*Asks:* 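Can you read through this structure? Questions will come right after.
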Number of protein chains: 4
Amino acid sequence: MDEMANTSPWEDDKPHEECGVVGIWGSADAAALAALGLHALQHRGQEAAGLVSMEESGIFHSHKGRGLVGDNFGDAAVIAGLPGRAAVGHNRYATTGETALRNVQPLYADFEFGGFAVAHNGNLTNAHTLKRALVRRGCLFQSTTDSEVFVHLIAISLYSTVTDRLIDALKQVQGAYSLVALHNGALLGARDPLGVRPLVIGRLPAGGFVLASETCALDIVGAEFVRDVEPGEIVVIDDAGLRSQKPFAKQPSRFCIFEYIYFARPDSIVEGTPVYDTRKRIGAELARESGVAADVIVPVPDSGVPAAMGYAVEAGLPFELGIIRNHYVGRTFIEPTDQIRHLGVKLKHSANRAIIEGRRVVLVDDSIVRGTTSRKIVEMVRAAGATEVHMRISSPPTTHSCFYGIDTPERSKLLAAKHDVAEMAKIIGADSLAFISLDGLYRALGRPGRDAASPAYCDACFTGDYAIPLLDQQDNAQRPVSLLAAANS
Amino acid sequence: MDEMANTSPWEDDKPHEECGVVGIWGSADAAALAALGLHALQHRGQEAAGLVSMEESGIFHSHKGRGLVGDNFGDAAVIAGLPGRAAVGHNRYATTGETALRNVQPLYADFEFGGFAVAHNGNLTNAHTLKRALVRRGCLFQSTTDSEVFVHLIAISLYSTVTDRLIDALKQVQGAYSLVALHNGALLGARDPLGVRPLVIGRLPAGGFVLASETCALDIVGAEFVRDVEPGEIVVIDDAGLRSQKPFAKQPSRFCIFEYIYFARPDSIVEGTPVYDTRKRIGAELARESGVAADVIVPVPDSGVPAAMGYAVEAGLPFELGIIRNHYVGRTFIEPTDQIRHLGVKLKHSANRAIIEGRRVVLVDDSIVRGTTSRKIVEMVRAAGATEVHMRISSPPTTHSCFYGIDTPERSKLLAAKHDVAEMAKIIGADSLAFISLDGLYRALGRPGRDAASPAYCDACFTGDYAIPLLDQQDNAQRPVSLLAAANS
Amino acid sequence: MDEMANTSPWEDDKPHEECGVVGIWGSADAAALAALGLHALQHRGQEAAGLVSMEESGIFHSHKGRGLVGDNFGDAAVIAGLPGRAAVGHNRYATTGETALRNVQPLYADFEFGGFAVAHNGNLTNAHTLKRALVRRGCLFQSTTDSEVFVHLIAISLYSTVTDRLIDALKQVQGAYSLVALHNGALLGARDPLGVRPLVIGRLPAGGFVLASETCALDIVGAEFVRDVEPGEIVVIDDAGLRSQKPFAKQPSRFCIFEYIYFARPDSIVEGTPVYDTRKRIGAELARESGVAADVIVPVPDSGVPAAMGYAVEAGLPFELGIIRNHYVGRTFIEPTDQIRHLGVKLKHSANRAIIEGRRVVLVDDSIVRGTTSRKIVEMVRAAGATEVHMRISSPPTTHSCFYGIDTPERSKLLAAKHDVAEMAKIIGADSLAFISLDGLYRALGRPGRDAASPAYCDACFTGDYAIPLLDQQDNAQRPVSLLAAANS
Amino acid sequence: MDEMANTSPWEDDKPHEECGVVGIWGSADAAALAALGLHALQHRGQEAAGLVSMEESGIFHSHKGRGLVGDNFGDAAVIAGLPGRAAVGHNRYATTGETALRNVQPLYADFEFGGFAVAHNGNLTNAHTLKRALVRRGCLFQSTTDSEVFVHLIAISLYSTVTDRLIDALKQVQGAYSLVALHNGALLGARDPLGVRPLVIGRLPAGGFVLASETCALDIVGAEFVRDVEPGEIVVIDDAGLRSQKPFAKQPSRFCIFEYIYFARPDSIVEGTPVYDTRKRIGAELARESGVAADVIVPVPDSGVPAAMGYAVEAGLPFELGIIRNHYVGRTFIEPTDQIRHLGVKLKHSANRAIIEGRRVVLVDDSIVRGTTSRKIVEMVRAAGATEVHMRISSPPTTHSCFYGIDTPERSKLLAAKHDVAEMAKIIGADSLAFISLDGLYRALGRPGRDAASPAYCDACFTGDYAIPLLDQQDNAQRPVSLLAAANS
């Protein structure tokens with residue numbers, strides 16, 4: 001797999017967040033504010049975006065499109081077509097081949113009680129099982145998203161209020177979810193009992209509420225941060241204010257540790273701590289754990305920058321932009337001939353020879369997934385004249401796939417699942433390679449280290465400790481041949 | 001309403017057929033043959049076309065698109081993407097604003113028993129009532145077509161075989177329907193108990209079956225006409241051959257009389273009679289009933305041609321192409337200024353002055369719906385120098401709307417619902433106007449006249465005698481405000 | 001070559017007119033009227049359409065597009081973007097692969113004296129020779145159309161008035177041309193000295209002039225026919241009225257005889273005679289020359305209809321629509337498999353079995369070019385049960401290519417260039433085949449017969465008598481390898 | 001003017017480079033290498049890209065498109081359509097409204113001697129004057145680019161070799177130009193006598209040459225830097241190697257100083273010095289000249305980063321990413337309501353509150369053009385809690401427009417043309433504002449200071465010292481009304 005064909009979701013060899021959500025209640029500009037919030041959350045999903053607004057009469061309006069928020073919602077006429085004082089929105093990151101518009105959220109349905117829209121960040125681990133049962137009952141699925149399961153469970157629930165139907169549905173699903181939903185009566189927000197994915201509450205300056213995946217979506221609309229939606233909490237927002245329900249038994253939470261390392265925007269505040277600061281602390285910890293004699297600290301842009309800065313300060317070495325990122329890559333670039341392939345061209349990055357030539361370079365990056373990009377970057381830095389190339393990674397080795405809403409390759413494709421660190425160094429061509437330790441990572445997050453009995457975070461991708469059962473995984477062998485080929489138009 | 005804005009479904013002031021269907025069983029070229037059949041049925045719907053094919057393994061494939069069959073299925077690669085020995089297809093005519101792809105048939109669903117595809121010509125008269133009940137039960141509707149009701153009724157049916165589930169569904173619906181359906185086991189065809197809409201059975205030269213709305217779709221694929229599907233009959237076609245089921249009590253049939261007058265292609269054979277011959281006989285009857293001293297008989301092209309030929313022969317007057325049709329109208333033409341509007345431009349027709357100037361002209365057309373086009377044509381013929389203009393119509397006055405699958409305006413827009421023939425003549429500017437009588441029409445169809453106690457055809461658009469109850473019509477007042485605005489993307 | 005792949009300009013096996021032109025002077029609705037005129041001339045070219053309008057200040061505006069006039073100029077906003085009291089327009093029929101927008105006329109250029117736009121129907125026979133000389137002089141060509149030669153010749157002319165520059169240019173070109181041109185001062189119209197292609201003058205009801213290829217374009221805008229532009233005449237139209245210049249020595253004219261047979265619209269008046277009447281007279285002459293015992297006369301629609309009517313009346317036999325035309329063919333239809341190919345499907349036509357079965361049929365068509373369609377039609381009619389099939393053609397055998405503005409295949413592809421009539425009958429599978437004689441054709445046009453010393457019409461396609469020298473044809477051998485591959489974007 | 005409507009070329013309030021060029025000679029992968037070179041030069045122009053390749057037979061191929069290089073040339077099929085061992089390419093930055101495809105370079109023409117393609121970075125100052133003279137002579141212009149003047153001058157030149165014709169043309173033009181051209185014989189490169197715009201020569205590893213605007217385009221294809229094309233030099237590259245011609249009188253060169261400050265990519269080497277280093281030195285000089293008591297140094301990303309790093313090191317203050325850039329802005333974003341407008345939303349930037357709150361912040365940016373973005377950024381940083389905001393700019397005040405190939409607003413829109421530094425500080429809302437001095441800038445570039453008698457660089461945008469006469473500017477008053485409105489399709 002090669003960067004040249006950068007239409008692949010994997011071309012940059014990073015895990016990928018699978019979505020951002022936003023909800024607005026109580027503003028005449030609901031759709032516009034939701035669009036701005038989605039724009040601020042664009043890093044969580046770039047393949048499609050959708051908005052559903054609701055007028056006070058209960059009439060809903062929807063607009064969805066492939067591509068960026070600005071491409072789909074930048075036009076004032078589109079926003080004008082989404083009237084109402086409430087709205088929910090969704091950014092989608094999708095695995096290859098499945099961004100048919102019918103899969104773009106928010107999902108909408110006409111229920112007996114009126115319209116209902118829902119947007120979901122996360123991944124259900126018993127979606128297939130539930131889906132099979134629902135189909136047997138006569139439910140017709142229209143999308144291939146997990147999230148449609150919520151909609152059917154709500155549709156067939158025997159409870160009378162929408163909130164009770166939602167709780168009824170949440171009690172049947174397993175997995176990671178932060179979701180926002182809208183019906184003629186309230187804006188709802190919910191997080192799974194372990195609180196794997198984030199969801200925060202904000203207050204608009206002129207009154208009204210915002211729900212969003214990260215605080216950066218509050219900042220862009222001038223909203224004040226109120227608090228996180230708590231793990232297992234359902235918040236019900238209407239004109240009377242915000243009420244909370246906690247239908248699940250209390251459990252220790254397991255927030256996704258990778259949000260700190262890579263996913264969240266550096267200017268977001270997560271659980272009270274600025275992400276940017278956290279990353280610098282991780283870099284400093286990394287320098288303490290695996291310092292090496294060198295001349296210059298160079299980040300792999302852009303995500304490696306804060307950790308590299310923390311590393312450089314701790315190590316007392318100069319921090320320099322030794323790799324330049326090209327911001328204009330375009331949709332695609334296919335290597336047309338063997339000769340071009342041999343050039344090993346990096347389309348997104350170029351080495352800044354003036355910084356690198358004749359120096360011992362420490363490269364700081366946040367993760368290695370399959371290793372393809374790391375190998376190319378090391379090769380590029382060496383070709384630019386580095387005398388030594390040391391790679392330092394601000395996360396532990398990624399040895400397991402995520403099933404809770406992050407797009408990672410299957411385990412067999414993960415470099416760290418098959419090789420020890422020494423082998424990995426060889427494969428990527430570095431003179432040395434080091435990852436931060438699990439305990440070091442927890443320390444940088446202000447913990448004494450990882451408590452194996454009750455870890456404070458979901459770190460399954462580094463440990464294989466899956467806190468939520470993986471029902472569909474066990475179940476997959478018995479699945480019948482999929483009929484979905486039919487729905488390809 | 002004016003012809004210039006010819007994007008409207010009503011620009012030509014004709015009733016519009018709402019669909020054509022085709023099904024193929026037992027040919028390696030199933031999708032290609034179905035596409036050819038749809039092409040032959042293109043006159044029944046031009047807004048969208050869809051095909052679903054099925055491989056013997058039960059894998060389905062689907063392709064749909066707006067526009068003509070040739071535009072969507074002319075490419076060999078598209079046909080190659082629809083493998084299998086069975087296929088069903090559909091041409092859609094849709095009222096303005098509602099040709100979202102999700103409404104384009106065949107509809108497809110994954111059931112517990114496997115995939116299922118259905119294509120429907122007709123209109124249900126209790127669709128809203130059924131839909132409301134289904135939503136109350138937790139069913140989620142994705143399209144705004146009547147036809148989705150079939151799919152949900154089949155999904156929730158407690159019968160075990162697909163045929164029994166279909167019969168279960170048919171027993172709950174009311175209205176006009178000719179449908180073809182496909183599942184891993186059989187190709188199904190069904191007509192409503194009154195047989196309002198047509199459906200015929202053909203046999204492919206190399207074996208295999210065809211179901212289609214008209215015989216012209218058999219001709220194009222070289223299939224031999226076997227017989228009509230009978231009113232109330234369900235045919236089940238599989239590799240063992242064709243079986244028939246008749247689950248409904250026998251009733252006198254009521255085939256749509258307008259198929260003879262206008263909808264069916266002139267080269268189709270309907271109930272054993274060539275449509276072309278029938279139209280000439282109607283023209284001759286019209287000449288006998290309402291002959292007038294004149295110099296030349298001129299058809300309003302293209303649909304008025306056979307009736308005009310029959311009229312001319314009977315009247316012993318020359319038949320001439322006094323109106324020329326422009327075949328290249330394009331998608332749209334908006335009159336930009338008042339002056340242009342005053343030109344009264346006819347974009348589809350032009351008068352052939354050499355034929356018309358100084359002559360008494362009899363124009364023969366098949367129907368007058370709102371009268372707008374008739375008025376323009378009379379004006380154009382007069383402007384070209386006709387000394388008299390007599391309009392003869394090969395159908396009785398259209399006084400009522402159709403609820404059985406034909407797109408007609410609401411009753412208040414029908415010229416004949418508000419005016420007698422003398423007033424209509426004045427409105428359209430003709431020196432005289434005459435319609436064929438109801439009895440004359442029945443005579444031209446080989447009947448002794450209309451038997452009011454048990455009419456041989458559905459002629460509700462001329463008589464208001466609606467043989468199938470109009471449940472949704474009575475029910476409409478109580479409907480809640482629609483929430484469908486939400487689904488506009 | 002097969003009808004299934006109907007993207008080819010040759011799919012219908014007819015010669016193709018290469019253009020229609022229109023010019024308007026002196027109306028506030030100039031662009032709208034020009035668009036309507038182009039719509040009426042749509043049969044002369046369907047691949048692209050263009051309009052250039054001129055404001056009184058000398059500012060020009062242009063809009064061009066591929067496809068039909070209605071598709072490109074139907075939108076009022078487009079017309080609003082073409083202000084001014086004068087306009088010229090062009091419909092393009094183009095041979096395959098060369099309808100880049102830069103080739104769509106009218107051509108426009110900024111000259112020293114201001115803007116200039118020109119639209120041209122016809123073909124120059126010394127275009128290549130002139131182009132080579134112009135390139136040698138430093139002229140840069142932007143299109144691959146002959147017509148650009150006019151623009152460069154005008155640009156480099158040393159005369160001072162635009163009219164003199166145009167005459168200077170016309171004296172250097174050879175070939176067939178009817179053109180309209182516009183500059184800040186006048187609307188110009190010109191026909192070549194032999195008057196091969198048509199051009200007529202009309203007067204708008206509210207004042208102002210129209211120039212157009214046919215009278216049907218006058219009718220649609222309510223203009224009164226004034227007269228033809230004469231062969232070799234240049235008309236100069238400005239607010240003072242119409243002036244005429246005749247810079248060429250007088251010669252006997254040679255109007256294209258195929259305009260009567262096929263190209264012109266039946267409701268156009270050409271040289272004082274209605275085209276529709278002429279075609280009926282040709283049919284009658286054909287019946288006299290080559291009558292045959294038969295039961296029914298069937299036109300090949302749509303162009304064969306008037307000749308068939310004339311034939312039927314003369315022969316005293318019934319005229320019936322034994323072949324039905326499908327008006328909705330779409331852009332393309334490729335036969336995906338051998339089996340489908342063996343069906344010999346006719347997508348545009350279907351046999352009306354009720355008319356044909358058991359009968360001796362005379363088919364009347366206007367021409368046979370390569371014979372492919374004729375063979376398929378005869379086969380189709382025979383398959384529908386005709387006991388005999390006789391083909392009658394309302395033109396003489398097409399034995400030569402046209403170089404004067406009609407798109408015909410090269411001579412080696414013309415059936416009649418290689419085979420005598422008996423062989424042709426065999427090839428197309430007819431029981432008998434007859435063409436009208438040359439003298440018969442001239443008689444139908446009101447002449448005593450063809451005067452070989454000075455034929456009244458250009459009939460080169462039937463006789464090889466090319467009245468205008470074919471310089472480029474002789475010259476082609478010496479042409480260097482074309483460099484035009486470069487301009488493919 | 002506001003960032004929300006970021007379709008404007010001015011939304012980021014930066015000057016804009018108007019183009020990048022590349023030429024390849026002697027590689028079977030010529031088009032692919034040229035495309036990679038254009039990708040590396042994408043920062044010089046993002047609106048359109050074009051490539052012309054040449055086969056050894058003298059056949060040229062061309063492909064152009066709006067948008068990024070990757071969007072237009074990423075597809076292997078496109079590259080396969082551009083065969084040959086030589087190619088020239090161009091990235092276009094265009095002022096609003098004028099990126100019709102006919103303006104996208106390389107320009108191509110068929111000359112008497114064969115095909116010729118040219119791509120141009122720069123701006124001619126006597127283009128209008130020359131164009132008028134050429135039109136008077138009969139030349140027809142097809143684009144509205146300056147660069148077409150070259151093509152016509154070459155076309156009409158009386159010299160016999162292409163190189164002599166090019167020199168003949170260059171002697172008639174005035175202005176700034178770096179150009180690459182291709183004909184059947186050689187790849188040509190030329191720089192204007194003052195060498196205002198850059199052009200470098202590289203050698204491919206397998207033999208063959210590259211010409212490109214910057215060295216980063218050599219790096220991406222693995223080419224070795226040979227030397228700059230010298231001011232006033234024409235290089236002629238063919239299979240025999242590289243020859244040089246210097247037809248102009250030797251003058252002191254005046255390379256564009258803004259290339260160092262902002263345009264060139266930080267990893268490019270310009271005149272032997274790495275741009276990245278230069279920017280850090282400018283930042284250090286700025287700190288020396290106008291240090292201020294503060295807590296943190298924050299770059300305005302991305303262009304302000306190296307100067308901020310240099311400043312921070314010199315000032316001994318922490319360098320932090322206090323402003324986060326959103327990389328996914330999309331094509332457009334229009335503020336739909338007043339309330340949204342009042343939010344003062346920055347779509348590209350967000351403040352990193354954790355870094356800024358409670359601190360005295362020094363912002364480092366590279367230039368202030370109109371001041372709109374600076375004002376918003378200061379406001380945003382203050383809203384994030386900065387106690388003081390000091391703005392430091394790594395260029396002198398931009399007081400004059402550029403006429404040599406950089407898109408700047410007219411002088412009246414330049415903030416520094418109307419206000420002194422104190423007023424500017426007030427307008428942008430900063431507690432203090434300082435620009436680097438002209439002498440300080442020259443010092444950072446290794447000069448003793450600016451020599452007013454013979455400045456080493458073109459610094460007209462800071463000084464108004466225009467080294468090349470601005471003929472068209474003086475001439476503009478007499479220009480006739482443009483006729484170009486005609487060419488809008």
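FYI, side chains are in, hydrogens and waters are out, and symmetry mates aren't considered; it's all heavy atoms of this structure. First the proteins, then the strands, lettered A, B, ... as listed; each starts at 1. The structure presented is a predicted model; accordingly, all values stated were derived computationally and were not measured.
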*Asks:* For a quick test of reading the model, state the closest non-hydrogen atom pair linking D:D219 to D:D267 and the distance between them.
*Replies:*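 The pair with the smallest heavy-atom distance is OD2-O, 4.3 Å.
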*Asks:* Name the member of A:P318, A:A76, A:A383 that forms the most heavy-atom pairs with chain D at distances under 4.5 Å.
*Replies:*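 Highest number of heavy-atom pairs under 4.5 Å: A:A76.
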*Asks:* Identify, with sequence neighbours excluded, every residue that meets side-chain hydrogen bond (donor to acceptor under 3.5 Å, both in side chains) alongside D:R353.
*Replies:*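 D:R353: side-chain hydrogen bond (donor to acceptor under 3.5 Å, both in side chains) contacts with D:E357.
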*Asks:* Do D:R92 and D:Q46 have side-chain heavy atoms sitting under 4.5 Å apart?
*Replies:*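 No, their side chains stay 4.5 Å or more apart.
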*Asks:* Counting only non-hydrogen atoms closer than 4.5 Å, does D:I355 touch chain A with its backbone (N, CA, C, O), its side chain (CB onward), both, or neither?
*Replies:*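 Just the side chain, heavy atoms under 4.5 Å.
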*Asks:* Less than 4.5 Å to any heavy atom of chain D: does that hold for the side chain of A:V305, its backbone, both, or neither?
*Replies:* side chain
*Asks:* Name the region of D:A351, side chain, backbone, both or neither, that has any atom closer than 4.5 Å to a heavy atom of chain A.
*Replies:* backbone
*Asks:* So do the side chains of A:L317 and A:D295 get within less than 4.5 Å of each other, counting heavy atoms only?
*Replies:*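 They are not in side-chain contact.
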*Asks:* Do side-chain atoms of A:N72 reach the backbone of A:R66 as a donor and acceptor pair under 3.5 angstrom?
*Replies:* yes
*Asks:* Among A:A31, A:G222, A:P266, single out the residue with the greatest number of heavy-atom pairs under 4.5 Å to chain D.
*Replies:*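 If we count pairs closer than 4.5 Å to chain D, A:P266 comes out on top.
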*Asks:* Not counting sequence neighbours, list each pair that qualifies as a salt bridge (Lys or Arg N to Asp or Glu O under 4.0 Å) and has a residue in residues 298-309 of chain D.
*Replies:* D:D302-D:R325
*Asks:* Flag the one option from A:N326, A:I323, A:V78, A:I269 with the top tally of heavy-atom pairs under 4.5 Å to chain D.
*Replies:*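 Between A:N326, A:I323, A:V78, A:I269, the count favours A:N326.
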*Asks:* Only pairs of heavy atoms separated by less than 4.5 Å count here; which of D:K280, D:M309, D:R265, D:E320 has the most with chain A?
*Replies:*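 Ranked by heavy-atom pairs under 4.5 Å with chain A, first place is D:E320.
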*Asks:* Report which part of D:V313 has an atom under 4.5 Å of a heavy atom belonging to chain A: side chain, backbone, both, or neither.
*Replies:*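 When you check distances to chain A, no heavy atom of D:V313 falls under 4.5 Å.
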*Asks:* Check each atom of D:L321 against the heavy atoms of chain A and say whether the ones under 4.5 Å are side chain, backbone, both or neither.
*Replies:*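 When you check distances to chain A, atoms from both the backbone and side chain of D:L321 fall under 4.5 Å.
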*Asks:* Could you tell me how the ring of D:F319 sits relative to the ring of A:F319: parallel (under 30°), tilted (30 to 60°) or perpendicular (over 60°)?
*Replies:* tilted
